[in-house]
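Report on one structure; see the data block that follows.
Because only heavy atoms are used, hydrogens play no part in the values below, and waters and symmetry mates are left out as well, while side chains stay in. In listed order, ligands and their atoms are each counted from 1.
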Amino acid sequence: MRSKIVAGNWKMNKTYNEMEILLAELSAKVPDTEAEIMVAPTFVNLPRAFKMLESSVIEPIAQNMHFAESGAYTGEVSADMLLGIGIETVILGHSERRSVFGETDEILAKKTIAALEKNLRVVFCFGEELEDRKSGNHFNIVDNQLKDGLFNLRPEVWSNIVLAYEPVWAIGTGETASPEQAQEMHAFIRKTISNEYDDNIAENVSILYGGSVKPGNATEIFSKPDVDGGLIGGASLNTDDFIAIIKAI
Ligand code: PGA
């Protein structure tokens, strides 16, 4: 059975002190839920987040990592470094990593393999740009991102993968894919995985939707059968909004 997940991606937001306040509020208010709840603070705040969340249902996760074990990669963080502070899950392939930092499908495939080899769980993000959607090329783009990023993986490791479909045109723009558009793409993703691997893997992988999820639209998006939760940016920085989204699942 695939799990329901609500994950907050805090990006380059919240200083140490601001994060402490947000985490304390979230821990106090997080409702009882069967869903997995995750938050991704910036690297420098991760050890503190881990300590603060030791007895909480909220899991601290990383926003990124490098594929190399160690070495001359100034400014980068390795899988072992994450494991060394207790982190078990990493987001890879966020559209900002792809577009702002030039991470290609090839780089992301290497990162994914490196993370899975260390038994890290991977939240793998992908999604089309506005022009792709307008030209009707969105299914092709997503198909290629899945193929190039993930379809070289052995079937066994899929239990450690969570997918996050994030149409780039909906990220931080206030524009959301309609629940129907999200469902249509999630069903396509599941079918593509089923064709490449099998029904079992396709049915058991959690597929999150990301892109301007807010308290006002979360319930409807999460109600779709192939949407297993959300990767939340802006709204996860506000306690009441994030709690409301968690309640929606
Ligand atoms: P948003 O970001 O919720 O602010 O649109 C989503 C994301 O980048 O994961």
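Annotation: atom 3 (O) of ligand 1 to nearest protein heavy atom, Gly233 N, 2.9 Å.
Relative orientation of the Phe151 and Tyr197 rings is perpendicular, given thresholds of 30° and 60° on the angle between their planes.
Remark: ligand 1 atoms within the under-4.0 Å shell around heavy atoms of Lys11 are 2 (O), 7 (C), 8 (O). For ligand 1, the atoms closer than 4.0 angstrom to any heavy atom of Gly172 are 1 (P), 4 (O), 5 (O). For ligand 1, the atoms closer than 4.0 angstrom to any heavy atom of Gly211 are 5 (O). Near Gly234, meaning under 4.0 Å from one of its heavy atoms, ligand 1 places the atoms 1 (P), 3 (O), 4 (O). Atoms of ligand 1 found under 4.0 Å from any heavy atom of Glu166 (numbered from 1 in listed order, with element): 6 (C), 7 (C), 9 (O). Less than 4.0 angstrom separates some heavy atom of Ala170 from each of these atoms of ligand 1: 5 (O). Distances below 4.0 Å separate heavy atoms of His94 from the following atoms of ligand 1: 7 (C), 8 (O), 9 (O).
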Discussion item. Assess the residue pair Glu166 and Ser95 against the criterion (side-chain hydrogen bond (donor to acceptor under 3.5 Å, both in side chains)); give the C-alpha distance rounded to whole Å, side-chain angles, the decisive distance to 0.1 Å, and a yes or no.
Written reply: CA-CA 8 Å; Glu166 300 203 303; Ser95 74; 5.4 Å; no
Discussion item. side-chain hydrogen bond (donor to acceptor under 3.5 Å, both in side chains), that's the test. Do Glu128 and Trp169 meet it? Break it down for me.
Written reply: CA-CA 8 Å; Glu128 81 282 0; Trp169 47 272; 2.9 Å; yes
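The local environment of CD in Glu34 is sparse, with at most 12 non-hydrogen atoms from other residues, nucleotides or ligands closer than 6.0 Å.
Contact check on Asp228 versus Arg190 returns a salt bridge, with a Lys/Arg side-chain nitrogen under 4.0 Å from an Asp/Glu carboxylate oxygen. Look at Asp241 and Lys214 and you find no salt bridge, because none of the NZ, NE, NH1 or NH2 atoms lies under 4.0 Å from a carboxylate O. One finds a salt bridge joining Arg48 and Glu20 here, because a Lys/Arg side-chain nitrogen approaches an Asp/Glu carboxylate oxygen to under 4.0 Å.
Heavy-atom separations between Ser95 and ligand 1 are all 4.0 Å or longer. Residue contacts with ligand 1 include Ser212, since one of its heavy atoms falls under 4.0 Å from the ligand. Proximity of Lys214 to ligand 1 is not established, as no heavy-atom distance is less than 4.0 Å. By the 4.0 Å heavy-atom criterion, Gly210 is excluded from the residues contacting ligand 1.
A side chain to side chain contact (heavy atoms under 4.5 Å, CB included) with Phe126 is found for exactly one of Ile189, Val168, Leu150, Leu92, namely Ile189.
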